[in-house]
Colleague: 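Questions regarding the structure given below will be posed in turn.
Note on naming: letters A, B, ... go to the chains in the order of the sequence lines (proteins, then strands), and numbering restarts at 1 for each one.
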Protein chains: 2
Amino acid sequence: MTGRVKIIDIARRVGVSPATVSRALSDTGLVAEPTLSRIRDEARAMNYRPNVSARNLRTRRSKAVLMVVRDVGNPFYLDVLKGVEACAREAGYSVLMGNTENQPGGEDRYFDMLRDGHADGMILITGSLPEDEMHRDLLAQLPVVVALEMVEQSGLPHVQIDNKAAAADAVAHLVGLGHRRIAHISGPVPEPMASLRERGFREAMTGAGLPVPSSYVLRGDYSLAAGKGLCCQLLALPEPPTAIFAANDEMAFGAIAAARRAGLEVPRDLSVVGFDDLYLSEAFQPPLTTVSQPRTELGRAAMGVLLDILSGRAPPSEPFVLPTTLQVRGSTAAPLAQVQLRSA
Amino acid sequence: MTGRVKIIDIARRVGVSPATVSRALSDTGLVAEPTLSRIRDEARAMNYRPNVSARNLRTRRSKAVLMVVRDVGNPFYLDVLKGVEACAREAGYSVLMGNTENQPGGEDRYFDMLRDGHADGMILITGSLPEDEMHRDLLAQLPVVVALEMVEQSGLPHVQIDNKAAAADAVAHLVGLGHRRIAHISGPVPEPMASLRERGFREAMTGAGLPVPSSYVLRGDYSLAAGKGLCCQLLALPEPPTAIFAANDEMAFGAIAAARRAGLEVPRDLSVVGFDDLYLSEAFQPPLTTVSQPRTELGRAAMGVLLDILSGRAPPSEPFVLPTTLQVRGSTAAPLAQVQLRSA
DNA sequence: GTGAAAGCGCTAACAC
DNA sequence: GTGTTAGCGCTTTCAC
């Protein structure tokens, strides 16, 4: 079902050489006016479409980029994709989505696609690198931009938010409301993103003169179920927290569900803050107070940096950091008076 | 950043012709054993990757398919994508996502990608056809499968659910609970999917001997906001419904939010049923009773039919219909006694 | 079972 | 400005 009509067909009908047609159609200002229009008109009339394989083979690039995430099923990434796509389209690139399903080595496949000409560059949002024997210094030569997650010491350009500061903001909000017993449902910690958010939590707590008992920091895998389970654990403590900061919205949802099942009302009996500002966080009951990331902007910025690299401009050597905002909604409130007394 | 090593490099090192290497690497049983292994080993050792553009140019196919949806941002489609991708991968195909953003003519671009060799076939989930002058009978020759949505009289193979029956099931559930005043928040109706669900609603109501006043059927655009607004309208009626069947989950979420804002408790004062069984419908408060579509299976089935077409097998002439299940959760209950009396 | 040769459709050097 | 020529890397007849 390939477009039958090719460049030589147009050339014959217009009475010029294929080269001229190619030049006319690709907007190099090298074709003179009478010919130019004739070629364009004829191309449109014949419903011509250039064969991408032939063009890519010849030019040695595909005009496509790869955006690789842990899980395509996570709606979070789709806003990022929109930003990437908008920016890519302006520059004539198309965007392919890749999915590692969180498997170590899942990115190998996509690095291969870079080599086999499927794509010219990559935006990596998985927080890890390919497992095979590519060396770091070799990696740094590749047109790869890391976004959102971090890959330390990779030498790759990064586009991200300040996870630590954003987490600290969230905690500051709770502290400002009067909470003193604040727990953290953290992510899968050695991982940088989770570590930074946890660090932000700890530093903000310490900075506010509040204790961080080890039972108050539990680590989950970002799932709804983890949020539920860990919240149960927290509520079962002899001194349960009056507020929980979860490292993402899904765990916050889980925590709220567990609290409700335990007979608590959010935010009256327990305040909960999330991180990500998912689609539906606003519609959730109660609407979730959460850290909002500029998802689309992150995508756009990452693609911008990638375009720099692909066109030979030097990428920024410093990570590109975009600001977050704390969306204060209905899941946080001042703690109950009695609770404050008991905790004193 | 293309893989530098090509088929001729391997050929030289092994001491055979490029043709033999090609044959060895593509598993035609045409290369004898001593040579075969030597070639394979050398290819691995040299970290060889075939250049896709060259291969595609030569073979005249891309081994890629296009899955085109209205809105990549809708998580619903991601489960479908998973099914498509699983099935595609088994057959050596990759999947490209396309997005029409609901714009008429948005599919034109992707039909062009079929012609320019970007993809070999398409799974269309947008409910509409390209606007340009392709004729229907010509379309029916193209390797295109329509899924979920319907494109009537297109002559294209379809993979779908029975929307009418599923809607009727949902209504039957409400009737079974004792509801008599049941309203429907419908979709953008001339459109087939919305029409079928609405028809299912009407037929089930009529079949149960219940009236369908015109004020009880309102049409939205599948958005959260529409659900909110239309639910407000329904609750403001002199005789408000005791139950609402929404044509999708997002409008159901909106309806529940509006009900809550109006001081009603779901399901005590109002039962709500959705359609789709979105991610988070279960975590929603209350957990949403909704029609669950076999999303992944739909994707898998659609890709299966597309593979049939691509490999020259005849596609099924009848639409391929997959079963739905009604997930009964916490958003539906028997109506309050007083309400039943008032309605009598 | 393997090699030689042609060519997929396009663009880029190089002429003129 | 435009034409001529070559070739991107691969697969596939056609020989043998």
Colleague: Spell out yes or no: do the side chain of B/R58 and the base of C/dG9 have one donor N/O and one acceptor N/O closer than 3.5 Å?
Modeller: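 Result: no qualifying N/O pair found.
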Colleague: Say whether, by atom type as modelled, one donor and one acceptor occur between the side chain of B/T28 and the main chain of B/R23 under 3.5 angstrom.
Modeller: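 Checking the backbone N and O of B/R23 against the side chain of B/T28, a donor-acceptor pair under 3.5 Å is found.
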Colleague: Contact class for A/A32 vs. all strands (heavy atom < 4.0 Å): base, sugar-phosphate, or nothing?
Modeller: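 Since only primed, P, OP1 and OP2 atoms lie under 4.0 Å of A/A32, the category is sugar-phosphate.
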Colleague: Between C/dC8 atom C1' and B/K63 atom NZ, what is the distance in whole Å?
Modeller: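 Computing the B/K63:NZ to C/dC8:C1' distance gives 18 Å.
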Colleague: Taking the side chain from A/D79 and the backbone from A/F76, do they hold a donor-acceptor pair closer than 3.5 Å?
Modeller: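 Not confirmed, A/D79 side chain does not pair with A/F76 backbone.
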Colleague: Could you state the CD1-P distance from A/I8 to D/dG3, rounded to the nearest angstrom?
Modeller: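 One finds 12 Å between P of D/dG3 and CD1 of A/I8, rounded.
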Colleague: Think B/S22 has a side-chain N or O under 4.0 angstrom from the OP1 or OP2 of D/dC10?
Modeller: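 No, no such contact exists.
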Colleague: Taking CG from B/N51 and P from C/dG9, how many angstroms apart are they, rounded to a whole number?
Modeller: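 After rounding, the gap between these two atoms is 17 Å.
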Colleague: Give a yes or no answer on whether the side chain of B/Y110 reaches the backbone of B/N99 with a donor-acceptor pair at less than 3.5 Å.
Modeller: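 Between the backbone of B/N99 and the side chain of B/Y110 there is a qualifying donor-acceptor contact (under 3.5 Å).
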Colleague: Quick check for you: among C/dC10, C/dG9, D/dG3, whose closest atom lies nearest to any side-chain atom of A/V16?
Modeller: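 Between C/dC10, C/dG9, D/dG3, the one nearest the side chain of A/V16 would be D/dG3.
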Colleague: Which one, C/dG3, D/dG9, D/dT2, comes nearest to the side chain of B/T20?
Modeller: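 Given the options C/dG3, D/dG9, D/dT2, the side chain of B/T20 is closest to C/dG3.
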Colleague: Here's a test of your reading of the structure: between B/L30 and A/L57, which maps to the more 5' nucleotide of DNA chain C?
Modeller: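 It is B/L30, whose closest nucleotide lies nearer the 5' terminus.
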Colleague: When you measure from the side chain of B/A54, which nucleotide among D/dC10, D/dT11, D/dT13 comes out closest?
Modeller: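 So the side chain of B/A54 is nearest to D/dC10.
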Colleague: Between B/M46 (CE) and D/dG9 (C1'), how many Å, whole number?
Modeller: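 Answer to the nearest Å: 14 Å.
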Colleague: For A/T35, report the nucleic acid contact type (base, sugar-phosphate, nothing); a contact means any heavy atom under 4.0 Å.
Modeller: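 Counting heavy atoms under 4.0 Å across all strands, the contact made by A/T35 is with sugar-phosphate only.
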Colleague: Give a yes/no answer on whether the side chain of A/T59 brings an N or O atom under 4.0 Å of OP1 or OP2 in C/dA12.
Modeller: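 No, outside the criterion.
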Colleague: Counting side-chain heavy atoms from CB outward, which of D/dG3, C/dT2, D/dG9 is closest to B/V31?
Modeller: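 Among the listed nucleotides, the one closest to the side chain of B/V31 is C/dT2.
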Colleague: Just N and O in the side chain of A/Y48: are any of them under 4.0 Å from OP1 or OP2 of C/dG9?
Modeller: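 No, no such contact exists.
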Colleague: Take the protein atom CZ of A/R49 and the nucleotide atom C1' of C/dC10, then report the distance between them rounded to whole Å.
Modeller: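 Those two atoms, CZ and C1', are 15 Å apart.
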Colleague: May I ask you to evaluate whether A/S17 reaches the phosphate of D/dT2, defined as a side-chain N or O under 4.0 Å from OP1 or OP2?
Modeller: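 Checking D/dT2 against A/S17, no side-chain N or O comes under 4.0 Å of OP1 or OP2.
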Colleague: Using a strict cut-off of less than 4.0 Å between a Lys/Arg side-chain nitrogen and an Asp/Glu carboxylate oxygen, indicate whether B/D41 and B/R44 qualify as a salt bridge.
Modeller: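 Answer for the salt bridge query: yes.
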Colleague: Determine yes or no for a side-chain-to-main-chain donor-acceptor pair under 3.5 angstrom, with B/R49 supplying the side chain and A/D116 the backbone.
Modeller: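 Answer holds: no.
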Colleague: Round to the nearest Å and state the distance from B/L25 atom CG to C/dG1 atom C1'.
Modeller: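 That distance rounds to 17 Å.
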Colleague: Can you tell me if the side-chain N/O atoms of A/R55 get under 4.0 Å from OP1 or OP2 in C/dT11?
Modeller: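 For C/dT11, OP1 or OP2 has a side-chain N or O of A/R55 closer than 4.0 Å.
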Colleague: Rounded to the nearest Å, what distance is computed from the CZ atom of residue A/R61 to the C1' atom of nucleotide C/dC10?
Modeller: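 Nearest whole value for this atom pair: 13 Å.
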Colleague: Among B/E107, B/R70, B/E149, find the one that has a side-chain hydrogen bond (donor to acceptor under 3.5 Å, both in side chains) with B/T126.
Modeller: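 For B/T126, the side-chain hydrogen bond (donor to acceptor under 3.5 Å, both in side chains) check succeeds only for B/E107.
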Colleague: I want to verify a distance call: between C/dG9, C/dA13, C/dT11, whose nearest atom is closest to the A/R23 side chain?
Modeller: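 When the side chain of A/R23 is considered, C/dA13 is the closest of C/dG9, C/dA13, C/dT11.
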Colleague: Between B/D27 (CG) and D/dC10 (C1'), how many Å, whole number?
Modeller: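 Computing the B/D27:CG to D/dC10:C1' distance gives 17 Å.
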